[in-house]
Amino acid sequence: MISVRFGIAAMAACLLAVAPVRGDAQSIESTKEFGFDAGVQFGLSGGSYTSFNLPAQRLRVGFFRSPRVSVEPYGSLNYNKFSGRDGVTTIGFGTGMLYHLTQNRAASQAYVRPFAEVNYINSPTSRTQFQLGGGLGIKVPWRERISTRFEAAMGYDFKDSATILNLTAGLSFFTLP
């Protein structure tokens, strides 16, 4: 129960970071990144598994705080049904902070992304997981307002004491200031 409360507090603190702020960089702060990611997830400890989600594992919205930093809340809804067994529904919410190693969106941008995530899992038994982790990724521009995005992330699930590897590929669409 403590990990759930800590997770909710961490998510609230991250969401406060996306509150509107006025300043000299107002034009970059009005830029948003909308995206979705397909992904494959591997449970490396605490019960191994592989989960593949296509076309979208999660939906996300990035709010730029500066040319290098964006805060990105995201959500997911996944349902898996196995032959002869009950289905598993997972609802997840998370927030990440992307630190871009370059400011130029017209060129490929490498980034690092620490994140906090809460997942509600409804299977024969229901449970809530809290996860902390980090990822490394790259955004590769296609057009002025469209990029592909590739990321490898590791997370630690406190409820199941499990390490999780997540590999994603997605599309990002940018608004212009």
Side-chain angles (χ1 to χ4, degrees), residues 1-20 29 31-47 49-66 68-80 88-100 109-123 126-139 147-175:
M1 188 65 169
I2 290 174
S3 66
V4 173
R5 288 185 183 145
F6 177 74
I8 292 170
M11 297 287 283
C14 290
L15 289 174
L16 284 175
V18 301
E29 289 176 2
T31 300
K32 292 176 186 57
E33 176 182 350
F34 297 92
F36 63 91
D37 302 310
V40 61
Q41 189 174 75
F42 303 96
L44 303 178
S45 64
Y49 65 90
T50 301
S51 175
F52 182 70
N53 296 291
L54 186 71
Q57 180 183 54
R58 68 177 174 224
L59 300 174
R60 53 187 163 73
V61 179
F63 299 90
F64 282 84
R65 308 312 290 160
S66 75
R68 287 189 187 256
V69 176
S70 64
V71 177
E72 187 175 82
Y74 57 91
S76 64
L77 171 63
N78 295 296
Y79 177 78
N80 297 300
V88 176
T89 302
T90 305
I91 301 169
F93 296 100
T95 300
M97 185 186 80
L98 279 71
Y99 179 79
H100 302 87
Q109 286 184 293
Y111 65 86
V112 295
R113 182 181 72 93
F115 65 88
E117 187 173 311
V118 175
N119 292 301
Y120 170 75
I121 300 168
N122 186 12
S123 57
S126 298
R127 66 186 191 276
T128 302
Q129 298 175 326
F130 175 66
Q131 192 180 128
L132 286 176
L136 298 171
I138 189 164
K139 295 178 186 178
S147 291
T148 55
R149 180 167 146 169
F150 304 95
E151 182 180 291
M154 286 286 254
Y156 182 77
D157 169 21
F158 289 91
K159 177 75 172 181
D160 296 331
S161 300
T163 303
I164 299 164
L165 171 64
N166 201 26
L167 304 173
T168 59
L171 285 175
S172 293
F173 304 91
F174 297 90
T175 63

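Numbers for residues simply follow the sequence, beginning at 1.
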Exercise. Would you check, one step at a time, whether the test side chain to side chain contact (heavy atoms under 4.5 Å, CB included) holds for Tyr156 with Ser161?
Key: CA-CA 7 Å; Tyr156 182 77; Ser161 300; 3.4 Å; yes
Self-check item: Nearest-0.5 Å distance that lies between atom CD in Gln41 and atom OG1 in Thr168
Solution: 10.5 Å
Practice problem: Would you name the heavy atoms of Asn78 and Ser76 that are closest together and state the gap between them? | Solution: ND2-CB, 3.9 Å
Quiz item: What distance separates Leu136 CG from Phe150 CZ, expressed to the nearest 0.5 Å?
Solution: 15.0 Å
Quiz item: Under 30°, 30 to 60°, or over 60°: which ring-plane class applies to Phe174 and Phe64, parallel, tilted or perpendicular?
Solution: tilted
Quiz item: Looking at CD of Gln131 and OG1 of Thr163, how far apart are the two atoms once the value is rounded to the nearest 0.5 Å?
Solution: 9.5 Å
Quiz prompt | Residues forming a side chain to side chain contact (heavy atoms under 4.5 Å, CB included) with Phe42, sequence neighbours excluded | solution = Val40, Leu44, Thr50, Leu165, Leu167
Practice problem: Please report the shortest heavy-atom distance between Gly170 and Asp37, naming the atom on each side. | Solution: CA-OD1, 3.4 Å
Self-check item: Those residues that, when tested against Tyr99, pass ring pair (Phe, Tyr, Trp, His ring centres under 6.0 Å) (two or more places apart)
Solution: none
Practice problem: Locate the shortest heavy-atom distance separating Thr95 from Tyr74; write the atom from each residue and the value. | Solution: N-CE2, 3.6 Å
Quiz item: If every non-hydrogen atom of Ala153 is compared with every non-hydrogen atom of Arg113, which pair is closest and at what distance?
Solution: CB-NH2, 4.3 Å
Self-check item: Ser172 side chain to Gly35 backbone, donor-acceptor under 3.5 Å
Solution: no
Quiz item: Roughly how far, to the nearest 0.5 Å, is the OH atom of Tyr79 from the OG1 atom of Thr90?
Solution: 11.0 Å
Exercise. For Asn166, enumerate each residue passing the side chain to side chain donor-acceptor pair (under 3.5 Å) test, keeping only those at least two apart in sequence or located in another chain.
Key: Gln57
Practice problem: Over all heavy atoms of both residues, which pair between Val88 and Ser123 is shortest? Give the atoms and the distance, please. | Solution: CG2-CB, 3.9 Å
Exercise. Sequence neighbours left out, what passes salt bridge (Lys or Arg N to Asp or Glu O under 4.0 Å) with Arg149? Give chain and number order.
Key: Glu33, Glu72, Glu151
Quiz item: Is there a side-chain contact between Lys32 and Phe63 (heavy atoms, below 4.5 Å)?
Solution: yes
Practice problem: Please step through side chain to side chain contact (heavy atoms under 4.5 Å, CB included) for the pair Leu59 and Phe36, ending with a clear verdict. | Solution: CA-CA 4 Å; Leu59 300 174; Phe36 63 91; 3.5 Å; yes
Practice problem: Would you please name every residue forming a side chain to side chain contact (heavy atoms under 4.5 Å, CB included) with Ser126, sequence neighbours left out? | Solution: Tyr120, Asn122
Quiz item: Between OG1 of Thr148 and CD1 of Ile138, what distance do you get to the nearest 0.5 Å?
Solution: 8.5 Å
Self-check item: Partners passing side chain to side chain contact (heavy atoms under 4.5 Å, CB included) against Asp157 (at least two apart in sequence or in another chain)
Solution: Gln129, Lys159, Asp160, Ala162, Ile164
